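Following: one structure in structure tokens, then a few remarks.
Values reported hereafter were calculated over all heavy atoms of this structure, with side chains retained and with hydrogens, waters and symmetry mates removed. Heads up: numbering here begins at 1 and tracks the sequence. This one's a predicted model, so the numbers in the text were calculated from it and none came from an experiment.
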Amino acid sequence: MEGITAKISSIMKEPGKKYNDEDNMLVNDLRSIVSKARSKAFAAVNYSLVERNWRIGQRIVEQEQNGASRAEYGKHVIEVASAALTEEFGKGFSKTNIKSYRRFYNFFPDLGIGQAVPAQLENKNSRQCLLYLPHL
């Protein structure tokens with residue numbers, strides 16, 4: 001096992017090097033493994049962000065609907081959410097983004113978290129969907 005690890009290390013450290021057929025097969029397999037893992041990771045992160053944004057929007061809408069004077073209270077909810085989330089988690093939670101999360105939830109109120117999100121999103125006009133997702 002140690003010999004294989006050393007061989008992989010030495011091969012991967014020389015990106016411009018020409019390899020023999022056996023090494024080429026190994027390097028191509030390794031590239032494939034890394035590429036597939038990256039794709040899966042990106043898909044998981046994207047799903048998690050969609051779920052997070054939808055849940056934030058859902059919670060904002062629920063909070064606003066229980067508020068007294070809706071317009072003024074709604075503004076307050078957005079400001080509080082933005083300030084608190086930005087302070088704790090950093091970028092991505094501006095007032096504009098929080099409003100986008102709320103619009104996203106309003107546009108997809110029946111988006112089941114356990115369901116396939118991409119399939120449901122494809123059923124709506126893609127351009128409209130993009131209007132409700134902030135650019136992070």
Side-chain angles (χ1 to χ4, degrees):
M1 183 75 168
E2 195 172 301
I4 293 173
T5 305
K7 187 172 186 174
I8 291 171
S9 264
S10 69
I11 290 171
M12 298 303 277
K13 288 180 183 175
E14 302 176 39
K17 181 182 176 192
K18 299 291 180 199
Y19 308 116
N20 64 36
D21 288 344
E22 185 180 337
D23 289 346
N24 274 331
M25 286 177 50
L26 172 65
V27 170
N28 287 336
D29 285 347
L30 295 174
R31 285 183 182 136
S32 177
I33 290 167
V34 170
S35 292
K36 287 177 185 175
R38 280 184 179 173
S39 293
K40 286 181 181 180
F42 290 145
V45 167
N46 286 339
Y47 175 83
S48 294
L49 290 175
V50 167
E51 179 182 359
R52 179 202 70 184
N53 297 352
W54 186 86
R55 286 180 180 271
I56 289 172
Q58 178 187 37
R59 186 64 181 94
I60 296 296
V61 168
E62 289 171 356
Q63 189 69 27
E64 288 175 339
Q65 288 177 349
N66 292 330
S69 56
R70 287 167 76 92
E72 198 172 304
Y73 184 70
K75 183 178 178 185
H76 174 75
V77 170
I78 298 291
E79 289 174 353
V80 167
S82 174
L85 293 173
T86 299
E87 182 179 334
E88 186 164 344
F89 299 107
K91 292 187 341 181
F93 301 102
S94 67
K95 288 185 246 177
T96 301
N97 281 359
I98 299 294
K99 289 176 187 175
S100 293
Y101 303 154
R102 180 182 62 191
R103 283 194 314 268
F104 180 50
Y105 171 75
N106 283 328
F107 195 69
F108 295 103
D110 299 323
L111 186 66
I113 296 305
Q115 299 173 3
V117 174
Q120 284 189 299
L121 293 177
E122 287 173 7
N123 290 336
K124 299 279 185 168
N125 182 324
S126 316
R127 292 182 112 168
Q128 284 179 311
C129 294
L130 293 175
L131 296 174
Y132 300 105
L133 298 173
H135 300 285
L136 302 177

Item checked: Arg52-Tyr101 side chain donor-acceptor pair, cut-off 3.5 Å -> yes
Checklist line | The single option from Asp29, Asn24, Leu30 passing side-chain contact (heavy atoms from CB on, under 4.5 Å) against Leu26 | finding: Leu30
Checklist line | Trp54 versus Phe108, closest heavy-atom pair with distance | finding: NE1-O, 2.7 Å
Next item on the list: Quick one: pull up CD1 in Ile56 and CD in Gln58 and give me the separation to the nearest 0.5 Å.
Entry: 11.0 Å
Checklist line | Spacing of NE2 belonging to His76 relative to CD belonging to Gln63, to within rounding of 0.5 Å | finding: 8.5 Å
Check: With sequence neighbours excluded, what pairs up with Asn106 under the side-chain contact (heavy atoms from CB on, under 4.5 Å) test?
Finding: Val61, Arg102
Item checked: Test item: side-chain donor near acceptor, Ser100 and Arg103, under 3.5 Å -> yes
Check: Would a distance-only check, ignoring hydrogens and angles, find a side-chain to backbone donor-acceptor pair under 3.5 Å from Ser32 to Asn28?
Finding: no
Just distance, no hydrogens or angles: give the donor-acceptor pairs under 3.5 Å from side chains in residues 81-89, sequence neighbours left out.
residue: Ser82; atom: OG; partner: Phe93; partner atom: O; Å: 2.7
residue: Ser82; atom: OG; partner: Lys95; partner atom: N; Å: 3.2
residue: Thr86; atom: OG1; partner: Ser82; partner atom: O; Å: 2.7
residue: Thr86; atom: OG1; partner: Phe93; partner atom: O; Å: 3.3

Note to self: Could you walk me through whether Arg55 and Arg59 satisfy the side-chain contact (heavy atoms from CB on, under 4.5 Å) test, starting with their C-alpha distance in whole Å, then the side-chain angles of each, then the deciding distance to 0.1 Å, before giving a yes or no?
What the structure shows: CA-CA 6 Å; Arg55 286 180 180 271; Arg59 186 64 181 94; over 6 Å; no
Next item on the list: Apply side-chain contact (heavy atoms from CB on, under 4.5 Å) to the pair Val50 and Phe104, showing each step before the final yes or no.
Entry: CA-CA 9 Å; Val50 167; Phe104 180 50; 3.8 Å; yes
Item checked: Verdict with reasoning, Glu64 to Ile78, per side-chain contact (heavy atoms from CB on, under 4.5 Å) -> CA-CA 9 Å; Glu64 288 175 339; Ile78 298 291; 4.1 Å; yes
